Amino acid sequence: MADQTNPFESLHQQLDEAAAYLGVDADVIERLKHPQRVLETSLTIERDDGSLAVVRAFRAQFNGDRGPYKGGIRYHPGVSRDEVKALAGWMTYKCAVVDIPYGGAKGGVVIDPRAYSERELERLTRAFAVELRPFIGENRDIPAPDVNTGQREMNWIKDTYETLEHTTAPGVITGKAIDSGGSAGRVEATGRSVMLASRQVFDWLNRDLADATVAVQGYGNAGSTAARLIDEQGASVVAVSDSSGAIYTPDGLSTDAVAEHKRETGAVDGFGDTESLTNDELLTLDVDLLIPAALENAITEELAHEVAADVIVEAANGPTTPAADRVLAEKNVWVVPDILANAGGVTVSYFEWVQNRQRFSWTEQRVNEELGRVIVDAFEGLIESYESTEASTLRTAAYVVAIERVARAYTQSGTWP
Ligand code: NAD
């Protein structure tokens, strides 16, 4: 059964844990726990058969103390107001921990996109963009892709916004296709930062990522790219999964061939000469590195007792519950937290936005080099925080860095009115 831990409560527990290591006033911490505003809307769209669908959608703007609100838009039947609020909070602390000048936001639409045609999804996305229009903008709030959204949806939102505003404003949204103002390296960016964070943590542990066995839960944008780039580092990806189930072979998978199989059949299941596993079996495999890259609450307290990996690098947002974190810490399983490990997506979104404002495109090499610098610096800052505070986990050490930065920006600006 799916874990029912409320992600917004998880966020509060994570902030409270870190606050204990900080001298930040309790009332400032209280401010940093809540979104500044949440848009909740019902979108009515015409389906291809002429009937109407009424769909709930949200946009949470969590904190803008360090810059414009920033965060993806998710299409999933499990989206809820609290999930969107939590994801917006995690965005705030993610941008702070990698030190890019953005606040945090998130959007979500409560649909299973597989039940809609492409034309219906376009109408729905444009209807959401109409509702978002007064809230977003190049200097205000900049959405991006997340689960079940990508370049196609970003292009629709950009076009709707620009048409209604009678302007060109490519920086209103990131994750666009290259010809619509997207950035080289953006599609790969989240997976790339997961690879970079994995390499950094293995180096720090005096181990070599090239010798590692790896399991990846979720073979979408983040998971499949992370798997491929880690494979390219010489590691052996022995198991991957998606919502259809998991596949395993001790000899290691060809990550490209699995991606091709998923493109053709819609699932990783049934690929080559592999053993089928359940998703829980994948999460408890005896591997060196486990990468959860699907959704929240994948690693629960109960499952954490069974985790056999040495290191977890979180590609998904919120895959480990706070209770699971405590179990993993007791078992000396190292967890590189989501807010750092998957920050490549928002970092290259930031580069895309900078390029849009400069009206000047960077090469893929430059994007990847700058991303490498951001993630390596952030990892070094995390370790410094971990060692100087003696925080209980790497996650708490990351929040210590992030909260300090957001709290400083807030207190420097002062309270008004
Ligand atoms: P996606 O839709 O491309 O892929 C999600 C994958 O997870 C799919 O393969 C799906 O089948 C699989 N999945 C869903 N439920 C599962 C389950 N119970 N067990 C196993 N697999 C399951 O989404 P994505 O963009 O790769 O996002 C995945 C995670 O990464 C999310 O938590 C998202 O918030 C996070 N993330 C994404 C980005 C980005 O740039 N795309 C950036 C930062 C964080």
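All figures in this text were calculated on a predicted structure; none of them were measured in a lab. Indexing begins at 1, ligand by ligand and atom by atom, following the structure's order. Hydrogens, waters and symmetry mates are skipped; everything else that's a heavy atom, side chains included, is used.
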Note to self: If the contact criterion is a heavy-atom separation under 4.0 Å, does Glu296 count as touching ligand 1?
What the structure shows: no

Notebook entry, point to check: Is the closest N or O pair between Asn317 and ligand 1 shorter than 3.5 Å?
Noted result: yes

Check: Side chains of Ser42 and Arg56: donor-acceptor distance under 3.5 Å anywhere?
Finding: no

Item checked: Flag if over 12 foreign heavy atoms under 6.0 Å of CD, Glu384 -> no

Notebook entry, point to check: Among all protein non-hydrogen atoms, which one is nearest to atom 3 (O) of ligand 1, and what is the separation to 0.1 Å?
Noted result: Asn221 N, 2.9 Å

Notebook entry, point to check: Which of the atoms in ligand 1, numbered in the order shown and given with their element, are less than 4.0 Å from a heavy-atom of Ala316?
Noted result: 29 (C), 30 (O), 32 (O), 35 (C)

Margin query: To check you understand the geometry: which heavy-atom pair defines the closest contact between Val268 and Gly245, and what is its length?
Written below: CG2-O, 3.6 Å

Next item on the list: Could you check which of Ala294, Gly344, Ala315 puts a non-hydrogen atom nearest to atom 29 (C) of ligand 1?
Entry: Ala294

Margin query: Can you tell me how the ring of Trp362 sits relative to the ring of Phe351, calling it parallel under 30°, perpendicular over 60° and tilted otherwise?
Written below: tilted

Next item on the list: Could you tell me the residue and atom name of the protein heavy atom closest to atom 33 (C) of ligand 1, and the distance to it rounded to 0.1 Å?
Entry: Asp146 OD1, 3.3 Å

Checklist line | Under 3.5 Å side-chain donor-acceptor pair for Asn279 and Ser241 | finding: yes

Next item on the list: State whether a side-chain donor-acceptor pair under 3.5 Å links Ser244 with Asp242.
Entry: yes

Check: Tell me: protein heavy atom nearest atom 39 (C) of ligand 1, and distance?
Finding: Thr190 OG1, 3.3 Å

Check: Would you call Glu370 and Arg366 a salt bridge, taking side-chain N to carboxylate O under 4.0 Å as the test?
Finding: yes

Check: Could an N or O of ligand 1 be found under 3.5 Å from any N or O of Ala222, whether backbone or side chain?
Finding: yes

Margin query: For atom 2 (O) of ligand 1, tell me which residue out of Ile339, Leu87, Asp280, Asn148 has the closest non-hydrogen atom.
Written below: Asn148

Margin query: Closer than 3.5 angstrom, by distance alone: can the side chain of Glu352 be matched with the main-chain N or O of Arg186 as a donor-acceptor pair?
Written below: no

Check: How are the rings of Trp334 and Trp204 set relative to one another: parallel (under 30°), tilted (30 to 60°) or perpendicular (over 60°)?
Finding: perpendicular

Notebook entry, point to check: Which of the atoms in ligand 1, numbered in the order shown and given with their element, are less than 4.0 Å from a heavy-atom of Asn279?
Noted result: 19 (N), 20 (C)

Next item on the list: Say whether Arg37 and Tyr69, considering side chains only, have a donor N or O and an acceptor N or O under 3.5 Å apart.
Entry: yes

Check: What protein heavy atom sits nearest atom 27 (O) of ligand 1, and how far off is it?
Finding: Val147 CG2, 3.6 Å

Next item on the list: Considering the heavy atoms of Ser241, write down every atom of ligand 1 situated less than 4.0 Å from one of them.
Entry: 20 (C)

Next item on the list: Could you name the option among Gly220, Ala298, Pro292 that has the heavy atom nearest to atom 8 (C) of ligand 1?
Entry: Gly220

Notebook entry, point to check: Looking at ligand 1, does any of its N/O atoms fall within less than 3.5 Å of an N/O of Lys106?
Noted result: no

Note to self: For atom 18 (N) of ligand 1, what's the nearest protein heavy-atom neighbour? Residue, atom name and distance, please.
What the structure shows: Gln217 NE2, 4.4 Å

Checklist line | Salt-bridge criterion met for Lys158 and Glu162 (N-O under 4.0 Å) | finding: yes

Notebook entry, point to check: Out of Ser243, Ala189, Ala226, Gly345, who gets a non-hydrogen atom closest to atom 11 (O) of ligand 1?
Noted result: Ser243

Notebook entry, point to check: Of all the atoms in ligand 1, which lie at a distance below 4.0 Å from a heavy atom belonging to Ala293?
Noted result: 28 (C), 29 (C)

